[in-house]
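For ligands, and for the atoms within them, numbers begin at 1 and follow the listed sequence.
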Amino acid sequence: MVSTMPGFLCMFLILLTISHSYAQTSFLYNFCMNEKGNYTANSTYHNNLNTLLSNLSSDTDIDYGFYNFSHGQSSDRVNAIGLCRGDVKPDACRRCLNDSKVLLPKLCPNQKEAIGWYDSCMLRYSNRSLFNTMETSPSFYMWNLVNATDIDQFNQALRNLLDSLIGQATLGDSKRKFAAANVSGPAFQTIFGLMQCTPDLSQQDCTECLSGVIAEIPRCCDGKRGGRVVRPSCNFRYETYSFYDPTNIEIPPSPAPAAPAPAPAPKVSALPPSTTDTLSTEGKSKTYLTVIAIVVPIAFVILVILMCVYLRTRKSRKQIEVQAENEDEIRSAETLQLDLCTIMTATNNFSDANRLGEGGFGPVYKGKLSNGQEIAVKRLSENSLQGDIEFKSEVMLVAKLQHRNLVKLLGFCLERRERLLVYEFVPNKSLDFFIFDEVRRAELDWEKRHKIIRGIARGLLYLHEDSRLTIIHRDLKASNILLDAGMHPKISDFGMARLFEVDQTQDNTNRIVGTYGYMAPEYVFYGQFSVKSDVYSFGILVLEIVSGQKNSWVQRGENEGDLLTYIWQNWRNGTVSNIIDPTIADSSRNEIMRFIHIALLCVQEKVGDRPTMASIVLMLSSHSVSLPLPSQPAFSVPSRNFSVIQSEEYDPVASA
Ligand SMILES: *[C@@H]1O[C@H](CO)[C@@H](O)[C@H](O)[C@H]1NC(C)=O
Ligand SMILES: *[C@@H]1O[C@H](CO)[C@@H](O)[C@H](O)[C@H]1NC(C)=O
Ligand SMILES: *[C@@H]1O[C@H](CO)[C@@H](O)[C@H](O)[C@H]1NC(C)=O
Ligand SMILES: *[C@@H]1O[C@H](CO)[C@@H](O)[C@H](O)[C@H]1NC(C)=O
Ligand SMILES: *[C@@H]1O[C@H](CO)[C@@H](O)[C@H](O)[C@H]1NC(C)=O
Ligand SMILES: *[C@@H]1O[C@H](CO)[C@@H](O)[C@H](O)[C@H]1NC(C)=O
Ligand SMILES: *[C@@H]1O[C@H](CO)[C@@H](O)[C@H](O)[C@H]1NC(C)=O
Ligand SMILES: *[C@@H]1O[C@H](CO)[C@@H](O)[C@H](O)[C@H]1NC(C)=O
């Protein structure tokens with residue numbers, strides 16, 4: 001996959017050339033939707049399709065770059081949408097669609113529904129109505145083979161660009177929802193980007209669709225100089241060269257960004273007229289390009305990524321002021337401070353045999369102090385750590401957090417380059433070890449799970465409200481719930497964010513800690529966290545405990561989707577008992593249902609709709625507390641087909 005081409009040439013996705021020679025080339029990508037039905041040759045549907053397509057490139061609407069048309073009656077009605085990239089002029093648009101209408105039925109003979117993308121246009125048709133509906137699949141993405149330099153700065157610039165583009169594109173009218181712009185990146189590079197929705201989408205749908213493609217960026221083109229994510233209803237692309245025609249870009253009068261992200265003011269510049277022809281010729285060099293096509297629901301996608309947060313560069317290290325009070329704490333910290341030799345001895349020199357696993361912040365070792373006490377030692381990775389004084393003061397604060405449902409921090413060690421945290425050893429591994437295992441899950445009956453859920457809730461409540469500090473965990477998940485000998489839950493890894501230069505008082509962050517699938521949408525998208533983002537993670541955790549399923553892709557019979565989608569569907573259909581882990585299904589049904597209900601309240605999209613931990617603790621323990629009805633959770637979408645079409649070396653020139 002690594003190109004041997006000189007890097008500069010690699011930048012140019014050969015696809016550029018395609019816009020100048022459509023008829024001979026294949027699509028960037030196309031999908032024949034087999035499962036949507038076939039028509040027979042010379043049937044009414046076939047004739048309708050031919051009529052519709054033959055009329056297509058003569059349609060005057062193409063002046064707007066958007067074409068929608070229908071032909072035929074009832075079940076033989078054919079609907080088509082054509083969309084040209086916003087900067088493509090009407091002539092070129094017509095040519096592109098003209099080529100598409102020939103090629104697509106050829107590639108997808110007898111398929112009622114098909115979609116194909118060229119660089120400059122997209123064509124799709126179906127017996128379903130396609131207008132005014134946001135569709136996120138099928139989709140594909142591509143990336144530039146060249147790595148970006150100065151990734152942090154690059155990502156910061158890219159993020160500014162994204163914020164600006166999404167604002168502009170979504171504000172477009174019913175004829176055009178398109179934006180293109182450039183920003184200066186590191187090393188004198190300019191980053192060019194564009195975003196487009198089919199203009200029939202509402203502003204809200206367009207925003208949602210574009211958020212979805214942005215969210216794919218880390219997966220598609222993380223650290224790459226260019227990439228694109230393409231869906232039926234919207235797409236996004238960026239490169240470090242100008243890949244669109246800047247002479248044909250309307251700059252909206254006042255691009256007040258609609259994106260709610262509290263982003264720094266984007267430095268987006270107007271595009272002076274210039275020619276891009278040279279790019280096309282260079283683009284003709286043979287370059288291999290990898291394309292992955294996916295048919296994927298938003299829910300799943302979002303679990304996998306988080307562009308916006310990811311793209312924020314780390315801010316310069318925040319100096320924590322050491323005040324008189326803190327100095328006292330640091331002095332008492334000395335009593336918690338262990339020496340390196342002690343720990344080395346205890347863990348048998350960090351031997352592999354003693355290694356318990358890899359946590360988010362470094363490996364964890366089991367150890368035994370000379371007095372016989374068992375400990376778990378977290379050996380923090382060196383990156384991004386604070387200065388010694390800040391580290392000590394934070395450890396001190398975290399050590400003060402003591403609750404039966406929190407793993408106890410016994411001490412720390414700060415010597416040479418080592419930073420170690422020493423915890424009580426909790427014997428029974430973590431919750432994920434049990435609930436996701438076919439056999440071991442039987443060891444956790446409903447009574448135990450019930451106790452575990454309530455314990456976690458109490459631990460979180462303590463962190464949020466009862467401790468002297470408001471601690472937001474930010475990475476609550478099954479593997480961070482340890483179980484003691486009596487199967488009581490103990491939350492681990494709390495306060496870690498504090499030890500990693502994250503300013504907890506701020507409501508948004510540059511550094512993501514957290515795990516896909518457990519993170520609240522506002523955290524994923526905008527880096528905003530609060531006690532309510534922990535509540536979201538708690539909700540997911542409860543659903544996992546009750547269902548025995550990970551919040552990732554699940555398949556049960558004919559149903560597939562992410563766990564949340566699956567549960568929500570069942571909830572809506574009144575069949576939520578289907579989702580209960582069969583090993584506990586015989587237990588108190590009402591109580592389990594109530595817990596699911598509470599969990600659904602926790603994963604509401606609107607932060608304000610999620611209950612606080614205090615009310616959750618109450619809801620969990622008292623059946624007399626009435627529960628509001630949940631609405632559709634964040635990221636829950638109607639089930640869609642999911643298939644990963646194999647990743648392949650893809651060479652559009654060769655296949656032309
Ligand atoms: C489209 O065709 C498929 C398969 O023939 C059929 O199941 C479906 O109901 C049709 N949809 C519409 C809207 O007619
Ligand atoms: C349509 O035809 C293709 C092959 O031509 C086949 O794979 C597919 O299963 C058919 N779809 C339906 C719904 O019959
Ligand atoms: C469809 O019509 C064309 C021309 O009208 C004819 O050549 C072809 O044999 C027909 N195909 C079928 C399957 O009837
Ligand atoms: C083809 O397009 C013309 C005008 O663009 C329109 O009047 C005509 O009805 C269309 N024909 C069909 C079959 O859609
Ligand atoms: C095409 O889309 C426009 C809005 O974008 C809509 O007003 C019009 O009715 C659509 N045309 C057809 C044939 O559905
Ligand atoms: C459309 O493509 C056909 C060949 O596929 C060509 O003969 C025709 O001139 C093209 N029309 C336009 C408007 O480009
Ligand atoms: C890009 O970076 C990745 C990992 O950072 C590395 O594995 C790969 O070889 C690099 N590719 C090129 C073309 O430099
Ligand atoms: C946008 O790109 C053009 C072409 O590279 C460049 O000349 C211009 O400086 C950029 N926009 C601005 C005004 O920074």
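Sulfur atoms SG of Cys121 and Cys93 are positioned 2.5 Å or more apart.
Around the NZ atom of Lys89, the shell of radius 6.0 Å holds more than 12 heavy atoms that belong to other residues, nucleotides or ligands.
Counted by atom type alone, Asn127 and Glu113 present zero donor-acceptor pairs between their side chains at under 3.5 Å. Side chains of Asn578 and Asn570: a donor-acceptor N/O pair is present below 3.5 angstrom, by distance only. Remark: the Asn79 side chain and the Ser70 side chain contain an N/O donor-acceptor pair separated by less than 3.5 Å.
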Go ahead and list the nitrogen or oxygen contacts between ligand 1 and the protein that come in under 3.5 Å, distances to 0.1 Å, or just say none.
from: ligand 1; atom 1: 2 (O); to: Lys112; atom 2: NZ; distance (Å): 3.2
from: ligand 1; atom 1: 2 (O); to: Asn127; atom 2: ND2; distance (Å): 2.3
from: ligand 1; atom 1: 5 (O); to: Lys112; atom 2: NZ; distance (Å): 2.7
from: ligand 1; atom 1: 11 (N); to: Asn127; atom 2: ND2; distance (Å): 2.9
from: ligand 1; atom 1: 14 (O); to: Asn127; atom 2: ND2; distance (Å): 3.4

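A salt bridge does not link Asp91 with Arg95: none of the charged nitrogens is closer than 4.0 Å to a carboxylate oxygen.
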